[in-house]
Trainee: 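Okay, here's the structure, questions in a sec.
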Amino acid sequence: MDNKSIAQLLAETADLLEIGAGDPFRIRSYRRAAEAVENSTEQLSSFVNEPSRLLEIPGIGKGMAANIQEIETRGSMKLRDELLITYRPTMLELLKLPGMGPKTVALLWEALQVSDVEQLQAAIDTGKLATLPRFGQKLIEKLQRGIAEYHRNSGRFLLDDAEAAAERVTLYLEQFKGIERVMPAGSLRRGRETVGDLDLLVTGPACAEEAVAAAVEYTAAYPPIAELLAKGQNKVSFRLRSGLQVDVRLLPEASYGAALQYFTGSKMHNVSLRQRALKRGYTLSEYSLARLDDGTVVAAAAEEEIYKALGMDWIPPEIRENQGELEAAAEHRLPRLIEQIDLRGDVHMHTQATDGRNTILEMAEAGIARGYQYIAITDHSKNLAMTNGLDDQRALEHMQRIREVDAQMDGRIRVLTGIEVDILGDGAIDLSNEVLAQMDVVIASVHSLFQQPKEQMTERLLKALENPYVRILGHLTGRLLLRRDAYEIDLTAVLKQAARLGVAVEHNADPNRLDLCDIDLRRAREMGCKIVINTDSHHISSLDMMRYGIRQLRRAWLAKEDVLNTRPVDEFLAGLRPRPLA
DNA sequence: GCCGTTTTCGGCCCGACTGTTTTCAGTCG
């Protein structure tokens with residue numbers, strides 16, 4: 001079992017213990033262990049029979065090592081099984097609703113025998129929920145919004161999970177002689193944050209018509225298959241244990257490009273493209289681009305040929321959403337989308353001083369390993385007490401240590417000083433201007449803002465941006481955009497203010513964001529906002545999440561020149577909002 | 001349940017804020 005699955009089972013156990021009002025410290029141990037497992041760079045399954053190596057991981061003791069071994073051998077553990085007899089697995093889903101914590105889940109179960117989202121909806125509809133203590137109109141409205149959101153997202157899988165699954169299937173398929181290319185199509189290729197099911201297109205000599213039967217049999221024998229859904233002449237559909245459906249299509253090389261184009265979508269992009277083909281006297285299908293009059297195939301083996309035959313440049317999959325890309329491709333004015341290699345720095349990360357796992361030095365070395373010319377250390381400020389956030393005094397001391405590490409680096413990488421400050425209830429920043437004035441990178445974040453009355457969110461954001469030392473509005477595309485409707489944030493006003501004041505807006509590289517923000521990022525650029533992309537890493541391994549973020553920027557049509565941290569360090573700093581003169 | 005010792009058990013990130021309150025429980029980060 002992979003680390004992520006093990007971590008998930010441990011985290012679930014923690015959730016169940018919490019619903020059962022278990023020892024809070026024991027619960028925390030399970031959460032810590034889950035985090036440690038997920039952050040581990042090594043596959044635990046490879047040395048699960050060497051308890052001493054498991055024990056080396058901080059947060060894993062004797063008991064947890066035994067739990068992990070049990071999970072590895074039989075897919076679950078005793079405590080979890082026992083808890084699942086007492087509580088329903090669907091309660092874990094209930095926990096995902098905003099405003100819903102373990103205490104409330106327990107109360108719903110005791111008072112109303114409500115254990116899943118549908119029953120909760122029923123309890124709201126019949127008015128039973130309102131009879132419970134603490135359930136006023138506002139809380140119920142909040143839950144109602146959460147349920148709607150839940151239904152929108154259920155059934156889809158996160159990009160990184162889908163990508164990992166695709167990589168494993170690909171490795172398996174490529175072992176078959178005569179399979180030469182395996183390419184994910186569909187929303188995964190387009191880089192969407194969530195993926196409904198996985199389309200894998202396979203080609204090579206083994207996929208030729210006369211040979212394909214053996215390759216189909218091999219595909220259907222993929223060991224992790226939980227349920228074989230269909231096995232046809234050149235298509236195999238199955239479901240993995242996670243519930244993810246995978247469709248594998250084995251195609252002759254001659255029509256591979258047409259199939260790739262067709263199955264990549266999006267639907268609207270394809271509809272428009274086919275209309276365009278018709279106007280020019282062609283017909284486009286999943287097999288080929290052919291002339292309408294005599295059926296002669298014009299292009300089929302490669303995507304590039306198809307677009308070219310229609311008078312267009314090849315269109316990157318991330319922007320195939322029928323939002324102007326066809327016109328731009330026909331007029332040869334598609335932007336050259338940003339690539340990971342364009343990035344020179346990551347300017348939002350945490351260390352052991354607050355809630356990060358690594359030291360300043362380790363983060364710097366990790367930055368060098370990823371080819372960066374600069375990073376910024378931006379630990380939390382005091383308002384985020386649970387992270388051991390820095391107050392003025394500690395922030396200054398930390399800044400001094402960052403400078404020392406920077407000097408130590410001897411020019412191999414620049415380590416910028418920084419801080420991630422919180423926006424308080426009145427729009428003020430929780431550290432003094434004297435301290436902020438000394439930092440290279442000041443990111444204002446919205447962590448606490450969501451706990452405040454939604455009527456004042458916009459106003460408070462605007463006020464926070466007025467602080468002359470705030471240089472980046474943090475988590476714009478993380479928390480802010482995704483929750484803007486529920487909190488009635490006037491995004492246009494916020495972006496306008498950021499553009500006017502020269503505050504850069506931050507995109508967080510994170511595969512675990514449901515829903516899309518590409519349109520809003522495009523708007524941010526069009527409104528003249530400077531854009532930075534960061535990982536907000538708390539561990540060196542999460543620096544690699546950048547690749548997801550890059551794909552999200554590509555979906556927003558962003559080119560290298562649209563993103564501030566593609567520039568050399570001096571230009572980057574000069575591109576940030578200028579500090580007021582002392 | 002983990003850890004670090006004061007080697008056998010006590011400590012383990014906590015503060016802001018909401019919605020319901022009439023003094024606070026629960027959630028969030």
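We name chains A, B, ... by the order of the sequence lines, and we start the count at 1 in each one. Remember, predicted model here, so these are calculated numbers, not experimental data.
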Trainee: Sort and list the pairs that fulfil salt bridge (Lys or Arg N to Asp or Glu O under 4.0 Å) and have at least one residue in residues 10-24 of chain A, not counting sequence neighbours.
Mentor: A/E12-A/R80, A/D15-A/R31, A/E18-A/R31
Trainee: A/S29 side chain: which of B/dA16, B/dG1, B/dC13 is closest?
Mentor: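 Out of B/dA16, B/dG1, B/dC13, the nucleotide with an atom closest to A/S29's side chain is B/dG1.
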Trainee: Write out a two-atom table: protein N or O, nucleotide N or O from nucleotides 20-25 of chain B, distance below 3.5 Å.
Mentor:
residue : atom : partner : partner atom : Å
B/dT20  : OP1  : A/G136  : N            : 2.4
B/dT20  : OP1  : A/G136  : O            : 3.2

Trainee: Please name the pair of heavy atoms, one in A/I71 and one in A/M77, separated by the smallest distance, quoted to 0.1 Å.
Mentor: CD1-SD, 3.9 Å
Trainee: On a whole-Å scale, what distance lies between the C1' atoms belonging to B/dC14 and B/dG4?
Mentor: 22 Å
Trainee: Could you give the OH-to-P distance, from A/Y30 to B/dC3, as a whole number of Å?
Mentor: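 So the OH-P distance, A/Y30 to B/dC3, works out to 13 Å.
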Trainee: Which residues pass the side chain to side chain donor-acceptor pair (under 3.5 Å) test with A/N49, sequence neighbours left out?
Mentor: none
Trainee: Considering every strand shown, what is the Watson-Crick or G-U wobble mate of B/dT8 when both distances are under 3.5 Å?
Mentor: none
Trainee: Among B/dC28, B/dC14, B/dT27, which nucleotide has an atom closest to any side-chain atom of A/P98?
Mentor: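 From the listed options, B/dC28 comes nearest.
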Trainee: Base, sugar-phosphate alone, or nothing: which one does A/I60 contact when heavy atoms must sit under 4.0 Å apart?
Mentor: sugar-phosphate
Trainee: When you look at CD of A/Q113, are more than 12 heavy atoms from neighbouring residues, nucleotides or ligands closer to it than 6.0 Å?
Mentor: yes
Trainee: Side chain of A/R28, heavy atoms from C-beta onward: which of B/dG29, B/dC12, B/dA16 has the nearest atom to it?
Mentor: B/dC12
Trainee: Expressed as a whole number of angstroms, how long is the span from A/L97:CG to B/dG26:C1'?
Mentor: 15 Å
Trainee: Just list the side-chain donor-acceptor pairs under 3.5 Å for residues 432-443 of chain A, sequence neighbours left out, or say none.
Mentor:
residue : atom : partner : partner atom : Å
A/S432  : OG   : A/D392  : OD2          : 3.0
A/S432  : OG   : A/E434  : OE1          : 3.4
A/N433  : OD1  : A/N467  : ND2          : 3.1
A/Q438  : NE2  : A/E434  : O            : 3.3
A/D440  : OD2  : A/T417  : N            : 3.0
A/D440  : OD2  : A/T417  : OG1          : 3.2

Trainee: Write down the distance separating the P atoms in B/dT20 and B/dC28, rounded off to the nearest Å.
Mentor: 15 Å
Trainee: Measure the distance from CG on A/D355 to P on B/dC28 and round it to the nearest whole Å.
Mentor: 18 Å
Trainee: With a 4.0 Å heavy-atom cut-off, tell me which residues in residues 18-26 of chain A come close to DNA chain B, sorted by residue number.
Mentor: A/D23, A/F25, A/R26
Trainee: For the side chain of A/T104, starting at C-beta, report the closest nucleotide among B/dC2, B/dG26, B/dC14.
Mentor: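 When the side chain of A/T104 is considered, B/dG26 is the closest of B/dC2, B/dG26, B/dC14.
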Trainee: Are any protein N/O atoms closer than 3.5 Å to N/O atoms in nucleotides 4-9 of chain B? If there are, list each pair with its distance.
Mentor:
none

Trainee: Round to a whole Å and report the spacing from CG of A/D15 to C1' of B/dG1.
Mentor: 16 Å
Trainee: Strictly by salt bridge (Lys or Arg N to Asp or Glu O under 4.0 Å), give each pair with a member in residues 90-102 of chain A just once, sequence neighbours left out.
Mentor: A/E93-A/K96
Trainee: Examine the side chains of A/N388 and A/H380 and answer whether a donor and an acceptor come within less than 3.5 Å of each other.
Mentor: no
Trainee: Can you pull the salt bridge (Lys or Arg N to Asp or Glu O under 4.0 Å) pairs that have at least one residue in residues 112-126 of chain A, sequence neighbours excluded?
Mentor: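 Counting only pairs at least two positions apart or across chains, no salt bridge (Lys or Arg N to Asp or Glu O under 4.0 Å) contact touches residues 112-126 of chain A.
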Trainee: Using side chain to side chain donor-acceptor pair (under 3.5 Å) as the criterion, list what pairs up with A/R551, not counting sequence neighbours.
Mentor: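 Once residues adjacent in sequence are excluded, the partners of A/R551 under the side chain to side chain donor-acceptor pair (under 3.5 Å) criterion are A/E163.
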Trainee: Short of 4.0 Å, heavy atom to strand atom, which residues of residues 63-75 of chain A count as contacting DNA chain B?
Mentor: A/G63, A/M64
Trainee: Looking at A/R370 and A/D346, is any side-chain nitrogen of the basic one under 4.0 Å from a carboxylate oxygen of the acidic one?
Mentor: no
Trainee: Which salt bridge (Lys or Arg N to Asp or Glu O under 4.0 Å) pairs, counting each pair once, include a residue from residues 44-71 of chain A, with sequence neighbours left out?
Mentor: A/E42-A/R53, A/E70-A/R74
Trainee: Which nucleotide, B/dC13, B/dG15, B/dG1, lies nearest any side-chain atom of A/A385?
Mentor: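 When the side chain of A/A385 is considered, B/dG15 is the closest of B/dC13, B/dG15, B/dG1.
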Trainee: Using only heavy-atom distances, determine whether the side chains of A/R555 and A/Q552 contain a donor-acceptor pair under 3.5 Å.
Mentor: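 No, no side-chain donor-acceptor pair sits under 3.5 Å.
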Trainee: Could you list the residues that satisfy salt bridge (Lys or Arg N to Asp or Glu O under 4.0 Å) with A/E82, not counting sequence neighbours?
Mentor: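 A/E82 satisfies salt bridge (Lys or Arg N to Asp or Glu O under 4.0 Å) with A/K78 once adjacent residues are dropped.
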Trainee: Would you check if there is a donor-acceptor pair between the side chains of A/D422 and A/S381 at a distance under 3.5 Å?
Mentor: no
